[in-house]
Amino acid sequence: MQGLNTEQQAAVRHYDTPLLVLAGAGSGKTRVIVEKIVHLIEDRDLPPRGIWAVTFTNKAAREMGERIGQRLPAESRRGLNISTFHTLGLNLIRRETRTLGLRPGFTVLDAEDSLNLIKSLLQLNEQAAGLIEPKEAQGRISQWKNDLVAPDAAAGTAEDPVDAACASLYADYARQLAACNALDFDDLIRRPVELLRDDPEARERWQRRVRYLLVDEYQDTNASQYELVRLLVGPVGRLTAVGDDHQSIYAWRGARPENLQHLKRDFPRLTTIKLEQNYRSVATVLDAANQLIAHDPTTQPKNLWSAVGAGESHRVLVCDTAEDEAERIATDILHRHFKDGSAYRYFAILFRGNHQARLIEQQLRKLSIPYVLTGGQSFFERAEVKDAMAYLRLLANPSDDAALLRIINTPRRGIGPTTLERLGQIARERDLHLAAAARSVAAEQRIDPRVRHQLEQFLDWLEATRERMASEPAVEAMRRLLEEIDYAGFLREQENTARAAERRWENLQDWLEWTERIAEDAETGESLSLAELVQKMSLLGILEQKTRDQNDDAVRLLTLHAAKGLEFPHVYLSGMEEDLLPHQDCQEDDRLAEERRLCFVGITRAQRSLTFTLTRRRRRYGQWRDITPSRFLEEIEPQLLRWEGIGVKKSEEETRATAEEAMATIRAMLGSR
DNA sequence: TAGTGTTAGATTTTT
DNA sequence: TCTAACACTA
């Protein structure tokens, strides 16, 4: 309890009724959750395995685990359940596999697999083909799933042809997933909810297991996640929910910030505690944040204050073009790095859209400023990693059609689209998964003998490998598998340069090491089965370890969304312009309010200094457009802002002069050492 | 199956 | 204006 303020202590101690902690930005909410878990174990004598803490990201779960590790010795925290919503769902499904009508070794499809599946189903569905885009259908189906609407119910409520077509596709999709013994991400929440809702015995079993539940970032829960919370906690409601409606920025993907309000409705004995003392930022940063968020009509008022220090007013840099903006940010950082000796990692540049990062990256590179770009999609989508995963998945689950489709001709085995098309037909006719269809075809005359031979060989090889896997560590088997299919050779064939092939091969080596770590990492110490391993890996994503390695001294580039939960001494908020922030597609009330909160999140990331930047004109889709400063700047009191560069239109020459001046400063500083 | 032409669309994203 | 995904052709 040491070092906690009165409200924080109250939140930690509160036990008998459900609790909602409205935790303002930087108010030490993770600390409260961690201390509360310690309190539950040490003072309330709850067994660790009865305590469940749920987060949204693996990163948050890991951090929480680490912080608990610093507070409690291993033996007193053994069995503690700290995980993401999805991992919690997966674990529940694993224990209830049969009850749910799944076979062991079921697959968890990622978004890309699910999209591919939808694409292929779309072609077959006469009602839907041509009428809808795969992405659109995927989004609609996901919405239904998150709202716990079954396919037939969706069909029943569909109001227009597009909706009806989506509903019909939803039915196909559900059927196909069942046939493949596969689940998508949404199912990891939805299936447990349905089970707990419809099966009183299962519900009781789980409510006994969950003696206390803590949920982080409650404003980000969607309808099914909230339902899962309710069902796990039962009517007694041993629950602490921590959240902040001011930081609700994910409504666009199904989050229901009103779930904060619903808690009062569903748990009448709910107690609410507000945390308003901020431990992160100087006063001027909080002033700006408070003033801005006061304009949000959809959220509850909250007033952040801090004892960190007064702080200065915030600069607003008005730049001519986006190039100019990028350059001024870069030179500014360079200046402050050398002049004030601030490490590069103390700076973060935030933006609304990823495309804005491009120019900034260029400028940083030009000035040799080290940076890391968080988020984006590059590493996640690495084909080589997805291929390897698909092999593992297919070995664990022979009916994983998505995995089979991905790798049956990778590397080339002469099994092209025509063959696959025919296989798909046969599979549908006889109600088989693709591998089984291939097996039955191989024994028949319906397909070109050469292709038939290829198929047979592939299936035999797969079977042999599967048997071997039972008696050998998965990673070893996987190494051998990659040799056998000469994946390295395949990469060399694919890539133009040997270097590129080399790099991708190295990615795979990284992946293998990572796999090995996960295989051993099981809490029990015993190694995981292939199916367990694959399931766990599908939820983790290789992204995790990569970002971890990047603790070096570098400027951070992030989207506003990706910045949530982080803090930096010096923050640059770029593109403070109408149509960018707020984004042009978010002019309607609710969405506009969310844009404002996004800006609020950006501001509250700053510990010591905050710099807004904007341009006068920007190229948009090839057209030059005059820019209006963001309305959000007007919602902050003028005396808090220090505008620089208004009315001064910089010439090319002057721009260059700025850069040269910066370089001269640096040379001087380096020379004087 | 690689190579070329055409067209839409261009926010935020975790699991 | 640029890109990426697709459909079509050789």
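Throughout, a chain's letter reflects where its sequence line sits, starting with A, and its residues are numbered from 1. Values reported hereafter were calculated over all heavy atoms of this structure, with side chains retained and with hydrogens, waters and symmetry mates removed.
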Task: N-O pairing of A/R230 and A/E227 below 4.0 Å - done: yes

- [ ] Please determine if a side-chain N or O atom of A/T84 lies less than 4.0 Å away from the OP1 or OP2 oxygen of B/dT14.
- [x] no

- [ ] Report the residue (A/G353 or A/F185) whose heavy-atom-nearest nucleotide on DNA chain B is the more 5′ of the two.
- [x] A/G353

Task: SB check A/K29 A/D244 (cutoff 4.0 Å) - done: no

- [ ] Can you tell me the distance, in whole Å, between the NE2 atom of A/H583 and the P atom of B/dT13?
- [x] 12 Å

TODO: State whether the aromatic ring of A/Y250 stacks on the base of B/dT12, taking stacking to mean ring centres under 5.5 Å apart and ring planes under 30° to each other.
DONE: no

- [ ] Measure from the ring centre of A/H561 to the centre of the six-membered ring in the base of B/dT12, then say whether that distance is under 5.5 Å and the planes meet at under 30°.
- [x] no

- [ ] Between B/dT11, B/dT1, B/dT13, spot the one nearest the side chain of A/W252, thanks.
- [x] B/dT13

Open item on the list: Once you apply a heavy-atom cut-off of 4.0 Å, does A/Y621 come out as touching a base, just sugar-phosphate, or nothing?
Closed with: base

- [ ] Give the rounded distance in Å between these two atoms: CZ of A/R190 and C1' of B/dT15.
- [x] 15 Å

Task: Pairwise P distance for B/dT11 and C/dC2, with rounding to whole Å - done: 16 Å

Open item on the list: Under a 4.0 Å threshold between the charged nitrogen and the carboxylate oxygen, would A/D110 count as salt-bridged to A/R393?
Closed with: no

Task: Under 3.5 Å donor-acceptor, A/R191 side chain and A/L100 backbone - done: yes

Open item on the list: Strictly below 4.0 Å, N to O, side chains only: are A/D387 and A/R504 in salt-bridge contact?
Closed with: no

- [ ] Tell me whether the OP1 or OP2 atom of B/dT11 has a side-chain N or O from A/N354 closer than 4.0 Å.
- [x] no

Task: A/R412 side-chain proximity, nearest of B/dT15, B/dT11, B/dA2 - done: B/dA2

- [ ] Rounded off to whole Å, could you give me the CG-to-P distance for the A/L573 and B/dT12 pair?
- [x] 16 Å

- [ ] Just compare B/dT1, B/dT13, B/dT11 and give me whichever is closest to any side-chain atom of A/N409.
- [x] B/dT1

TODO: Provide, to the nearest angstrom, the distance between the CZ atom belonging to A/R618 and the C1' atom belonging to C/dC2.
DONE: 16 Å

Task: Atom-to-atom span, CG of A/L350 to P of B/dT13 - whole angstrom - done: 12 Å

Open item on the list: Taking the P atom in each of B/dT12 and C/dA5, what is the distance between them to the nearest angstrom?
Closed with: 15 Å

TODO: Round to a whole Å and report the spacing from CD of A/E136 to C1' of B/dT11.
DONE: 17 Å

Task: Given B/dT11, B/dT13, B/dT15, the nucleotide with the shortest approach to the side chain of A/R620 - done: B/dT11

Open item on the list: What is the distance, to the nearest angstrom, from the CE atom on A/M537 to the P atom on B/dT14?
Closed with: 19 Å

- [ ] Could you tell me the separation between the CD atom of A/E133 and the P atom of B/dA10, rounded to a whole number of Å?
- [x] 10 Å

